[in-house]
Amino acid sequence: MEEDTGALPRKDNFSEWYNEVLWRAEIMDVRYPVKGLYVWYPHGFGIRKRAYGILRDLMDRDHDETMFPLLIPKTEFMKEAEHIKGFEDEVYWVTHGGTSELDVPLALRPTSETAIYPMYSLWIRSHTDLPLKLYQIVNTFRYETKHTRPLIRLREITSFKEAHTVHATWEEAAAQVEVALGLYKEFYDSLRVPVILSRRPGWDKFPGADYTIAVDTIMPDGKTLQIGTVHMLGDHFSRTYDITYEDANGERQYAYQTCYGISERSIAAVISVHGDDKGLVLPPEVAPVEVVIVPIIVGKRRDEVLTAASALKEDLQNAGFAVRLDDRDMRPGAKYYHWEMRGVPLRVEIGPRDIDANTVVAVTRSGKKIQLDRRGVVEGIFSILAEFGEELSVAARQAMADRITVAATLEETADAVKAGVAVVHWCGSQECAEKIEAAVDASILGSDIRSDLIAVSDGPCVACGGKGTSTLVARTY
RNA sequence: GGGGCAGUAGGGUAGCCUGGUCCAUCCUAGAGCGUUUGGGACGCUUUGACGGCAGUUCGAAUCUGCCCUGCCCCA
């Protein structure tokens, strides 16, 4: 698992940088012998564990966690026509049990609506059962035909957090969409990943939904990555799966639903947004190791230094930090590179000089060096890490701002999408969308943009000159 | 979906065109011993590879076919 020494490809060569950092920083091993399936290294999984811990805490405020089966009978899966059409090309089917063919083939869930909603139909009887808000964190399978890419385009999504809510009215469901967007915004704030929300055009919404609001971020190469979606399902699924309740007047009503999801693309975003030429840079909130202690061992004071380092480790651990003491027999410099590659936010060095002066040396992943008094070390590290996290937020936000361009013509749009996201006026017609997409070699992400970095306005459509509204155009992953 | 290129130890490579001198080169990583340690240490010893299957041939890392996997371009 040990990385080679030597430099990483520079981050401005993003595609190579990404592949290389995944394995050198021990996030994913791509050598699993099935296309589109990858293996989490423990360090990568540690990031996932902390990030999903944050997500779980957010969801637990107002949802209950659950777990539905992986296999969905074909008979249930095929009920919702629009939904099937969206997924039929990418479903894995289990057709045999041992050597005998199954009467009813079983789908490996590409998403769980058709597993969950038949049960919702049984569970929901009365308006007092509503609202129902459940979520699960599971793996899903999609037979991707395009390029697979670790954490980004997978045949097994290992970390799909999907929530499914049921409400008495359309308005309540629509309000839940807003709640979900708020949770996702808060989640990405914690990861210090800036996002833009927009309403996907009709042809790009979730199959079977009334509308879809997506959460996107901008990657270092200017392409956008969709890292969350929230779907207003209306009553499409409740009519198909017969999810009804008796209202206060004793009348049977169809329920209204939403669903929303986040996957390990969130981890891809953290890696890509914050990383640099030396490797990962992790926000303290998700770093499996927040503080690494590197003892500076000099021959005759070896035991003394190691004792002091152990005592420091204990103090930091008791204060609640995820801390690691690196007492391997290596040069200190080699250890610095090692932990920088893995994104550890803070390194603390302790050597003979520190012991004599009763200090330690703290160095942030951004290279800021601070001498701390040994007695005030816990408070010192708290404030250094807090400030470091804040710096990441500010830098990421600035990087995003730099990649957003307002464009008034197709030429300007074509130019803008080479470096990032273009904001243009679009009339909403599919005809103009196709014209724009063909002319600038990028996709319409959506309208009803929500981002404090983008001022929304009305204006003439870049394609037809008709009445248009601000719309995002970008190259996408 | 169409086309192109590639696959040699854990990682990166040489060899392939022109089959034999390859029980496969070099760097790095791993194991052991010793000396070291404030930004990628050094010495000695040592483990480890031709993607898979079939074919051509006296002989295949090298040539042919299929499969698997990866990367790039086009739709």
Side-chain angles (χ1 to χ4, degrees), chain A residues 1-9 13-39 41-44 88-90 143-156 221 223 276-279 292-309 312 325-342 344 346-372 374 434 437-443 475-477:
Chain A
M1 274 198 244
E2 201 69 18
E3 86 277 12
D4 280 349
T5 53
L8 208 56
N13 183 358
F14 177 66
S15 170
E16 261 183 57
W17 178 92
Y18 182 77
N19 288 333
E20 190 93 2
V21 86
L22 282 182
W23 108 259
R24 288 237 230 150
E26 294 178 311
I27 312 289
M28 303 296 288
D29 195 328
V30 302
R31 293 171 299 178
Y32 192 76
V34 181
K35 181 180 162 69
L37 312 195
Y38 308 95
V39 180
Y41 278 121
H43 189 253
E88 64 184 348
D89 291 339
E90 9 187 280
Y143 187 75
E144 292 286 352
T145 49
K146 285 190 204 149
H147 238 117
T148 55
R149 202 186 286 272
L151 299 179
I152 291 178
R153 190 175 298 282
L154 304 157
R155 285 188 171 176
E156 180 188 9
D221 58 0
K223 290 192 199 175
D276 66 15
D277 288 350
K278 288 180 176 175
V292 62
I293 300 171
V294 178
I296 308 300
I297 296 162
V298 177
K300 50 185 189 267
R301 299 184 68 178
R302 180 194 157 83
D303 291 347
E304 192 188 346
V305 171
L306 284 174
T307 305
L312 178 61
L325 169 59
D326 187 352
D327 56 3
R328 293 174 299 168
D329 181 20
M330 291 166 66
R331 312 289 297 224
K335 295 180 186 177
Y336 302 164
Y337 283 104
H338 179 91
W339 295 109
E340 281 163 1
M341 180 65 74
R342 286 160 182 72
V344 174
L346 190 70
R347 171 176 88 233
V348 175
E349 304 167 16
I350 181 161
R353 291 208 294 263
D354 298 296
I355 292 173
D356 293 343
N358 206 23
T359 57
V360 301
V361 176
V363 184
T364 67
R365 180 58 179 74
S366 49
K368 203 177 282 178
K369 201 165 187 170
I370 304 145
Q371 195 171 58
L372 293 174
R374 176 65 180 81
E434 282 166 10
E437 292 186 343
V440 308
D441 195 24
S443 311
R475 288 145 57 237
T476 62
Y477 270 97

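Being a predicted model, the structure only gives us computed values, none of them experimental. Proteins get letters first, then strands, A, B, ... in listed order; numbering begins at 1 in each.
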Asks: Just by protein heavy atoms under 4.0 Å, how would nucleotides 68-75 of chain B read 5' to 3' in B, S and -?
Replies: -SSSB---
Asks: Specify the closest pair of heavy atoms between A:Gly279 and A:Val21, including all atoms of both residues, with the distance to one decimal.
Replies: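 Minimum heavy-atom contact is CA-CG2, 3.9 Å.
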Asks: Specify the separation, in whole Å, of atom CG of A:Leu8 and atom P of B:G40.
Replies: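 Going from CG in A:Leu8 over to P in B:G40 covers 19 Å.
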Asks: Provide, to the nearest angstrom, the distance between the OH atom belonging to A:Tyr337 and the C1' atom belonging to B:A41.
Replies: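 One finds 14 Å between C1' of B:A41 and OH of A:Tyr337, rounded.
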Asks: In whole Å, what separates the C1' atom of B:G11 from that of B:G70?
Replies: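 The answer is 15 Å between these two C1' atoms.
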Asks: Locate the shortest heavy-atom distance separating A:Arg31 from A:Tyr41; write the atom from each residue and the value.
Replies: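 For A:Arg31 and A:Tyr41, the tightest heavy-atom pair comes out as NH2-OH, 3.8 Å.
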Asks: Kindly give the heavy-atom pair with the smallest separation between A:Pro150 and A:Val30, and that separation in Å.
Replies: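 In this case the closest contact between A:Pro150 and A:Val30 is CG-CG1, 3.8 Å.
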Asks: Can you tell me the distance, in whole Å, between the CZ atom of A:Arg342 and the C1' atom of B:G40?
Replies: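 The distance from CZ of A:Arg342 to C1' of B:G40 comes to 13 Å, rounded to the nearest Å.
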Asks: Check if the side chain of A:Glu340 and the base of B:G40 share a donor-acceptor pair of N or O atoms closer than 3.5 Å.
Replies: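 Under the 3.5 Å cut-off, the side chain and the base do not form any donor-acceptor pair.
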Asks: What's touching nucleotides 34-38 of chain B from the protein side, N or O pairs under 3.5 Å?
Replies:
| unit_1 | atom_1 | unit_2 | atom_2 | d |
| --- | --- | --- | --- | --- |
| B:U36 | N3 | A:Asp329 | OD1 | 3.2 |
| B:U36 | O4 | A:Asp329 | OD1 | 2.5 |
| B:U36 | O4 | A:Asp329 | OD2 | 3.0 |
| B:U37 | O2' | A:Ile297 | O | 2.9 |
| B:U37 | O2 | A:Met330 | O | 2.8 |
| B:G38 | OP1 | A:Arg331 | NH2 | 2.8 |
| B:G38 | O6 | A:Pro352 | N | 3.2 |
| B:G38 | O6 | A:Arg353 | N | 2.7 |
| B:G38 | N1 | A:Asp354 | OD2 | 2.8 |
| B:G38 | N2 | A:Glu349 | OE1 | 3.3 |
| B:G38 | N2 | A:Asp354 | OD2 | 3.3 |

Asks: Grab the CZ-C1' distance between A:Arg31 and B:G7 for me, whole Å please.
Replies: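 After rounding, the reported distance stands at 14 Å.
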Asks: What residues, two or more places apart in sequence or in another chain, satisfy side chain to side chain contact (heavy atoms under 4.5 Å, CB included) together with A:Tyr32?
Replies: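 With sequence neighbours excluded, A:Tyr32 shows a side chain to side chain contact (heavy atoms under 4.5 Å, CB included) to A:Val34, A:Leu37, A:Val39, given in chain and number order.
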Asks: For B:G2 and B:U62, measure between their C1' atoms and round to the nearest Å.
Replies: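 Roughly 30 Å separates the two C1' atoms.
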Asks: Nearest whole Å is fine: how far is B:G11 P from A:Glu20 CD?
Replies: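 Going from CD in A:Glu20 over to P in B:G11 covers 12 Å.
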Asks: For the backbone of A:Gly351 and the side chain of A:Asp354, can you confirm whether one donor and one acceptor N or O come within less than 3.5 Å of each other?
Replies: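 Side chain of A:Asp354 to backbone of A:Gly351, a donor-acceptor pair under 3.5 Å: yes, one is there.
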Asks: If the C1' atom of B:G32 is compared with that of B:C26, how far apart are they to the nearest Å?
Replies: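 It works out to 23 Å between them.
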Asks: Expressed in whole Å, how much space separates the P atoms belonging to B:C74 and B:U47?
Replies: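 It works out to 48 Å between them.
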Asks: Starting from C1' on B:G39, measure out to CH2 on A:Trp339 and report it in whole angstrom.
Replies: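 To the nearest whole Å, that distance equals 17 Å.
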Asks: Could you work out the separation of B:A29 and B:G43 based on their P atoms and round it to a whole Å?
Replies: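 Comparing P positions in B:A29 and B:G43 gives a spacing of 12 Å.
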Asks: Kindly write out the residues that satisfy side chain to side chain contact (heavy atoms under 4.5 Å, CB included) with A:Val360, not counting sequence neighbours, or none if the list is empty.
Replies: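 Only A:Leu312, A:Val348, A:Ile350, A:Leu372, A:Arg374, A:Val377 meet the side chain to side chain contact (heavy atoms under 4.5 Å, CB included) criterion with A:Val360.
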Asks: Flag this pair as yes if the NZ/CZ of A:Arg149 is under 6.0 angstrom from the six-membered ring centre of A:Tyr477 and inside a 45 degree cone about the axis; otherwise no.
Replies: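 Pair A:Arg149/A:Tyr477 does not count as cation-pi.
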Asks: Verify the neighbour count for atom CG of A:Asn13: are there more than 12 heavy atoms of other residues, nucleotides or ligands below 6.0 Å?
Replies: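 Yes, CG of A:Asn13 has more than 12 neighbouring heavy atoms, counting only those of other groups under 6.0 Å.
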Asks: Between B:A9 and B:C50, how far is it from one C1' atom to the other, in whole Å?
Replies: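 Rounded to whole Å, the distance is 10 Å.
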Asks: Determine which bases of RNA chain B form Watson-Crick or G-U wobble pairs with both distances under 3.5 Å, and write the result as a 5' to 3' dot-bracket string with | for other-strand partners.
Replies: (((((((..(((.......[.....))).((((((.....))))))....(((((..]....)))))))))))).
Asks: Given the C1' atoms of B:U8 and B:U25, what is the spacing between them in whole Å?
Replies: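 So the two C1' atoms sit 11 Å from each other.
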Asks: Taking only Lys NZ, Arg NE, NH1 and NH2, and the carboxylate oxygens of Asp or Glu, determine whether A:Arg365 and A:Asp276 approach each other closer than 4.0 Å.
Replies: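 Looking at A:Arg365 and A:Asp276, the cut-off is met.
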Asks: Check A:Glu144 with A:Lys35, please: is the shortest side-chain N to carboxylate O separation under 4.0 Å?
Replies: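 So A:Lys35 does not pair with A:Glu144 through a salt bridge.
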Asks: With sequence neighbours left out, what residues match A:Glu304 under salt bridge (charged side-chain N to carboxylate O under 4.0 Å, His left out)?
Replies: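 Expected list: A:Arg301.
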Asks: Look at A:Arg24 together with A:Glu26 and state whether they make a salt bridge at an N to O cut-off of under 4.0 Å.
Replies: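 Between A:Glu26 and A:Arg24 there is no salt bridge, as every charged N stays at least 4.0 Å from the carboxylate O atoms.
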Asks: What's the gap between B:C58 and B:C53 when it is taken at their C1' atoms, as a whole Å value?
Replies: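 The answer is 23 Å between these two C1' atoms.
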Asks: Could you state the CD-C1' distance from A:Glu26 to B:G10, rounded to the nearest angstrom?
Replies: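 So the CD-C1' distance, A:Glu26 to B:G10, works out to 12 Å.
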